[in-house]
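This structure is a prediction, so every number in the text was calculated from the model and none was measured. Convention: sequence-line order gives letters A, B, ...; per-chain numbering from 1.
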Amino acid sequence: MIDFCGLQLDHPIVNGSGTFDAIAARRAFGDALLADFPFSAFVSKTITLAPRAGNPPPRLWEAPAGMINSIGLPNRGLQGYLEHDLPQLAELPVALITNVMGSTVDEVAQLVEAVGARDEVAAIELNVSCPNVETGLDIGADPLSLAALVRAVRPLARKPLIVKLTPNTADVAAVAVAAESEGADAVSLVNTLRAMALDPHGGGAWLGGGAGGLSGPAIRNVALAQVAAVARRVSIPIIAMGGVAAGSHANDLLCVGAALVAVGTENFRDPCAGSRIAAELKSLQIAGSPSSSMNAS
Amino acid sequence: MIDFCGLQLDHPIVNGSGTFDAIAARRAFGDALLADFPFSAFVSKTITLAPRAGNPPPRLWEAPAGMINSIGLPNRGLQGYLEHDLPQLAELPVALITNVMGSTVDEVAQLVEAVGARDEVAAIELNVSCPNVETGLDIGADPLSLAALVRAVRPLARKPLIVKLTPNTADVAAVAVAAESEGADAVSLVNTLRAMALDPHGGGAWLGGGAGGLSGPAIRNVALAQVAAVARRVSIPIIAMGGVAAGSHANDLLCVGAALVAVGTENFRDPCAGSRIAAELKSLQIAGSPSSSMNAS
Amino acid sequence: MRPIAPLGRRRVAVTAVDDVGAYRVLRVADRSGPLPAAGQFYMLATVQRWGGGGDERPYLPRAFSFLSAGDGELRFMFEDVGPGTHRLGELVAGDELWITGPLGAGFRPPGDHRRALLAGGGIGIPPLAAWASELGSRPLALLGFRDGEHAAGAALIEDQARVRVATDDGSLGHHGLVTELLAAELARDGRCVVYSCGPPRMLEAVRALCAEHDVPAQLALEAGMACGFGACYGCVVALRDGGYARLCVDGPVLDAERLQPLAEDAH
Amino acid sequence: MRPIAPLGRRRVAVTAVDDVGAYRVLRVADRSGPLPAAGQFYMLATVQRWGGGGDERPYLPRAFSFLSAGDGELRFMFEDVGPGTHRLGELVAGDELWITGPLGAGFRPPGDHRRALLAGGGIGIPPLAAWASELGSRPLALLGFRDGEHAAGAALIEDQARVRVATDDGSLGHHGLVTELLAAELARDGRCVVYSCGPPRMLEAVRALCAEHDVPAQLALEAGMACGFGACYGCVVALRDGGYARLCVDGPVLDAERLQPLAEDAH
Ligand SMILES: Cc1cc2nc3c(=O)[nH]c(=O)nc-3n(C[C@H](O)[C@H](O)[C@H](O)COP(=O)(O)OP(=O)(O)OC[C@H]3O[C@@H](n4cnc5c(N)ncnc54)[C@H](O)[C@@H]3O)c2cc1C
Ligand SMILES: Cc1cc2nc3c(=O)[nH]c(=O)nc-3n(C[C@H](O)[C@H](O)[C@H](O)COP(=O)(O)OP(=O)(O)OC[C@H]3O[C@@H](n4cnc5c(N)ncnc54)[C@H](O)[C@@H]3O)c2cc1C
Ligand SMILES: Cc1cc2nc3c(=O)[nH]c(=O)nc-3n(C[C@H](O)[C@H](O)[C@H](O)COP(=O)(O)O)c2cc1C
Ligand SMILES: Cc1cc2nc3c(=O)[nH]c(=O)nc-3n(C[C@H](O)[C@H](O)[C@H](O)COP(=O)(O)O)c2cc1C
Ligand code: FES
Ligand code: FES
């Protein structure tokens with residue numbers, strides 16, 4: 001058992017927000033999903049106050065050792081989430097972390113308060129880093145704006161508050177320190193790296209949303225550097241992610257100071273990547289390979 | 001012929017600083033290198049005021065679709081460069097762009113002044129983005145500090161001054177605008193993305209220098225997004241680079257607004273990557289595929 | 001209830017590889033999966049070296065409709081159009097694949113005393129062949145192809161359907177578009193449900209034609225997919241109600257009347 | 001003057017593949033390159049699918065000393081230790097490689113009325129075999145291996161040198177380290193130049209031993225390389241003067257006396 005902000009988790013592998021839809025996966029795989037749930041906690045896709053349809057297609061681009069997405073945060077909105085999604089997510093055998101995002105302090109406050117009031121929700125992840133929505137980027141890239149946001153919403157959350165940082169910044173550790181100082185219980189990183197692709201047949205940007213975010217193995221070592229930099233500066237736990245596709249990658253992130261590791265894009269290639277990576281990690285740890293006590297800097 | 005800040009170049013492909021050593025390559029390949037020089041201009045490795053030995057090995061890590069380097073800017077220092085390297089580089093059949101870096105305004109001023117005074121040098125590239133040296137990162141990530149630097153050194157340069165930006169920043173376009181407003185003649189981007197790798201056998205960071213910079217195909221789409229963002233905000237020419245390995249990649253960068261394209265890591269895989277990519281680009285342009293007049297945003 | 005996939009990807013072996021005209025047919029042994037329903041698909045990736053192709057791709061698995069299934073064997077059909085299909089085309093018997101599936105929702109029976117009319121072409125054959133086989137009634141299938149070499153693919157459905165072929169270059173059957181055959185057939189007898197799969201441009205013509213004739217149509221659509229099981233929200237098509245449907249869980253077969261006009265390119 | 005490489009990489013075909021104990025020997029046809037000098041190396045990458053292996057590697061080309069050269073053919077020898085050598089190990093006759101080379105500076109003759117004494121082991125055989133062949137004097141070669149399967153590699157140098165083998169597990173020759181054989185040989189007759197190539201730990205022992213006996217040594221070193229022609233500054237070893245040498249242009253063969261003690265791991 002791992003204690004993460006008071007949550008007792010079976011193993012350190014969770015999913016990255018927006019990279020696993022437990023409701024859709026249950027339609028695809030049936031109740032076997034509940035019997036063998038790949039993650040020790042489930043992180044929902046980002047919820048916004050109003051429903052969003054998301055960006056026009058195409059939404060995906062395959063990049064060298066990774067992919068770019070421009071999904072645009074489609075979701076049912078807060079009410080739809082509480083009424084439609086939450087009852088189904090409550091059936092999962094693991095703790096639920098709800099990821100929210102707002103474009104103003106007030107929106108975030110409403111989201112955090114409403115979600116935090118629900119017993120089904122074990123923790124809240126605040127997405128301040130989505131590269132597809134202008135505001136997400138700006139708040140999360142600047143320590144001062146982020147501090148103001150966390151200060152305003154922390155008292156309303158009632159649940160552990162995880163701040164998901166953007167990697168598209170000069171000094172991610174400074175932003176993490178700002179979040180910690182205003183009472184964030186944990187930080188998570190990295191979100192996707194701002195990226196772009198052109199239509200090979202001409203005519204401008206490939207993605208319907210214009211730009212997008214890069215994820216997958218291509219960003220693995222960038223994520224590792226950012227997690228290490230943040231771990232050196234904060235003492236709250238870190239959920240680390242970015243390009244994790246095997247137990248050794250998760251182990252690296254734990255080695256530099258992460259508490260949990262999230263699997264994102266690899267879920268698309270292997271729907272049970274979470275369980276596989278947890279098992280690989282366990283056998284690495286039994287084999288006595290570099291452990292989380294190691295100092296990697 | 002392409003006009004770039006008054007330099008007349010045969011084609012739009014140059015090399016990225018630090019990714020081709022024309023002096024060493026001539027030792028390896030002989031004078032055939034001069035007869036078939038791969039680039040239309042040669043960009044030197046970064047020169048500092050004092051000589052530097054560089055970082056302890058290992059200096060390289062192979063990443064998914066790319067590599068991380070932590071070379072640490074080894075060079076003979078300004079005097080060594082002027083006396084030892086410059087006469088040899090003057091024998092190259094193309095224009096010479098000298099890349100310099102200093103850790104204070106005064107250092108940069110000395111470098112720019114001394115290098116700019118030499119007839120062999122056609123233009124100066126100012127590296128404010130190397131992730132391996134603390135100051136480089138900081139100046140280049142912040143529009144105000146960069147503006148102050150460019151303001152101070154621009155009058156001393158006598159030659160076209162290209163500012164090489166760091167990608168490790170929240171808003172690269174804002175930094176580019178600052179450089180332009182203080183008289184930079186061009187900007188170049190991207191430099192490497194801050195990254196890290198752990199020793200697979202345990203014991204902490206793999207690279208002797210601790211952290212390093214990611215280059216190669218893995219960063220191609222990140223570079224494209226940054227170049228597009230800068231092109232929308234400045235009107236000075238852009239030397240674009242990051243993961244270019246084929247004519248189509250160069251074409252993409254030209255499409256979003258670059259004037260020249262630099263090849264970096266691909267030189268390691270193919271010493272004649274420059275000529276190959278220039279030829280591929282030419283046949284794409286003849287085939288009438290998306291041209292630089294296209295609006296990609 | 002649609003057949004449900006075993007949880008996760010599974011490792012299966014290629015048992016045989018055949019060339020049919022311009023197409024490659026891959027047989028794989030799949031003893032642990034359920035029998036899929038026509039129109040469902042699988043996500044495929046090779047176990048060895050999925051990656052390292054053009055521009056360092058493929059990286060994500062690729063979606064393929066099954067062509068036929070039974071006796072612990074699945075058949076897929078494709079043409080080399082990019083790094084993923086290129087890599088799949090290198091496989092020989094004994095090589096291994098990761099597969100996930102069957103996924104998505106397939107075709108629904110015509111009902112309403114309507115006959116099933118199949119219209120499609122090119123790489124759209126697999127779901128139509130599977131559907132004709134499931135219907136068992138040897139429906140009429142109107143198939144369009146670029147040229148004779150591609151039209152050879154029609155052999156893969158000839159046992160299950162009565163096939164009429166059109167080719168762009170006139171080398172076989174009707175010289176012209178398959179939608180010309182479809183228009184004539186709808187004019188002759190409109191009491192049908194059209195089942196269609198093919199390139200975007202063809203599907204859009206089918207959609208428009210069926211709308212015009214007020215004939216229900218079920219289209220097996222394609223979109224770039226990252227996951228195939230609803231995780232990435234990448235595979236959407238625009239609906240008339242202003243929203244989007246995820247093809248991998250809400251489709252790939254969708255009622256034509258729910259759709260906005262389809263974009264004509266591969267987007 | 002060392003042989004100079006043709007500018008750029010060139011495409012060559014594998015002509016044969018042999019297994020020698022634990023090692024793979026690759027023959028490639030190279031008609032356009034000059035005859036290389038012992039200790040020089042080539043950068044190799046497959047034309048097809050260099051990438052897509054473990055952790056999406058290999059991406060950069062890999063450095064290999066040549067084992068022998070002549071008649072338009074080069075031979076390389078390696079063991080599967082990672083994604084690059086794994087991919088090379090999949091090659092069969094007819095497959096294609098990109099090669100760049102010959103690169104670097106090789107061994108220099110002993111001179112001074114000293115005899116050449118070769119000491120090395122494992123994957124260090126190629127430069128030693130090439131050097132023995134270039135010397136033509138059938139020098140003594142002391143070779144260490146992990147076990148009998150690896151010791152079979154000694155066959156690749158037996159025509160050129162008088163070989164004495166040591167194995168870690170005692171399955172062949174001397175039971176112990178090759179440096180024990182070397183110590184005895186240096187004690188017997190120190191008028192020699194030691195030429196060495198092997199794993200870092202062995203090279204460091206050879207370096208220390210030769211320093212102790214005041215015997216000159218030329219070490220063929222290894223380091224991770226990105227380019228092989230001086231472009232990346234990645235392949236350095238620390239020198240006693242406080243600086244670094246690039247192995248690909250200043251080496252890979254360096255005088256032992258210029259070096260700091262070598263790190264014992266693969267770093
Ligand atoms: C439900 C479903 C069923 C399918 N069934 C079949 C089938 O039975 N047989 C069959 O042959 N195909 C089928 N497909 C299509 C097949 O999945 C795609 O053609 C697949 O992408 C081919 O992969 P590729 O790597 O060979 O080509 P890709 O490189 O993926 O090229 C295919 C198209 O993708 C676009 N593209 C190009 N580069 C990129 C990039 N970097 N990132 C994203 N997109 C890019 C272009 O428009 C290109 O024309 C099906 C698709 C779906 C969704
Ligand atoms: C001049 C020269 C000549 C050589 N001659 C020969 C020869 O004749 N025969 C031969 O077999 N070998 C030779 N080598 C060594 C060979 O080039 C390397 O072993 C090569 O790296 C193997 O590639 P790989 O992908 O199989 O293994 P790699 O993955 O490169 O593993 C080799 C070592 O690299 C390190 N490593 C692991 N992961 C990474 C990573 N991601 N990035 C960087 N380093 C990593 C580890 O220490 C590992 O043990 C020579 C090397 C040099 C420099
Ligand atoms: C298709 C896709 C959708 C995503 N959606 C969200 C999201 O809704 N909210 C969020 O905070 N992060 C989102 N992310 C970011 C991931 O949670 C994760 O931070 C990122 O992908 C890096 O991890 P990876 O490399 O393992 O994928 C998304 C990523 C992908 C690829
Ligand atoms: C080994 C190596 C050394 C580099 N050295 C320098 C340098 O000295 N100065 C500099 O401005 N950029 C340096 N760079 C950055 C490149 O010029 C280029 O900006 C970057 O690698 C991105 O391009 P690429 O992906 O094509 O390699 C170096 C890059 C590499 C890989
Ligand atoms: S392919 Fe991922 S949601 Fe459909
Ligand atoms: S391998 Fe690049 S400088 Fe030696």
Side-chain angles (χ1 to χ4, degrees), chain A residues 61 63-68 131 137-138 140-142 166-172 175 193-206 210-214 216-229 243 245 248 251-253 255-256 288-291 294-297, chain B residues 61 63-68 131 137-138 140-142 166-172 175 193-206 210-214 216-229 243 245 248 251-253 255-256 288-291 294-297:
Chain A
W61 175 261
M67 59 176 280
I68 307 177
L137 181 70
D138 293 341
D142 172 32
T166 172
N168 301 301
T169 186
D171 186 355
V172 68
V175 184
L193 268 60
R194 219 175 311 149
M196 179 183 193
L198 296 192
D199 189 338
H201 313 296
W206 168 264
L214 179 66
I219 73 167
R220 184 182 302 146
N221 298 91
V222 173
L224 186 63
Q226 295 207 355
V227 171
S248 63
N251 196 46
D252 281 357
L253 290 165
C255 281
V256 300
S289 120
S291 83
M294 199 192 75
N295 178 358
S297 73
Chain B
W61 174 260
M67 58 175 279
I68 307 177
L137 181 69
D138 293 342
D142 171 34
T166 172
N168 302 301
T169 186
D171 186 355
V172 68
V175 183
L193 269 60
R194 221 174 310 147
M196 180 183 192
L198 296 192
D199 189 337
H201 312 296
W206 168 264
L214 180 67
I219 72 167
R220 183 182 303 145
N221 298 89
V222 172
L224 185 63
Q226 295 208 354
V227 170
S248 63
N251 197 45
D252 280 357
L253 290 165
C255 280
V256 301
S289 121
S291 84
M294 199 194 73
N295 179 356
S297 74

Among the options B:Ala197, B:Gly243, B:Gly66, pick out the one with the most heavy-atom pairs lying under 4.5 Å from chain A.
B:Ala197

Portion of B:Ala228 that has a non-hydrogen atom of chain A nearer than 4.5 angstrom
side chain

Is there a donor-acceptor contact under 3.5 Å from the side chain of A:Asn168 to the main chain of B:Ala170?
no

Validation row: A:Thr169, B:Thr169 side chains within 4.5 angstrom (heavy atoms)
no

Would you compute the distance between atom CG of B:Asn221 and atom CG of A:Leu198 and round it to the nearest 0.5 angstrom?
9.0 Å

To the nearest 0.5 Å, what is the distance between CG (A:Asp199) and CG (B:Asp252)?
9.5 Å

B:Ala218, B:Ser248, B:Pro64: which one forms the most heavy-atom pairs within less than 4.5 Å of chain A?
B:Pro64

Could you measure the distance from the CE atom of B:Met196 to the CD atom of A:Gln226? Nearest 0.5 Å is fine.
12.5 Å

Which atoms of A:Ile68 are under 4.5 Å from chain B, going by heavy atoms: the side chain, the backbone, both sets, or neither?
side chain

Any idea which of B:Leu214, B:Leu224, B:Ile219 has the most non-hydrogen atom pairs under 4.5 angstrom with chain A?
B:Leu224

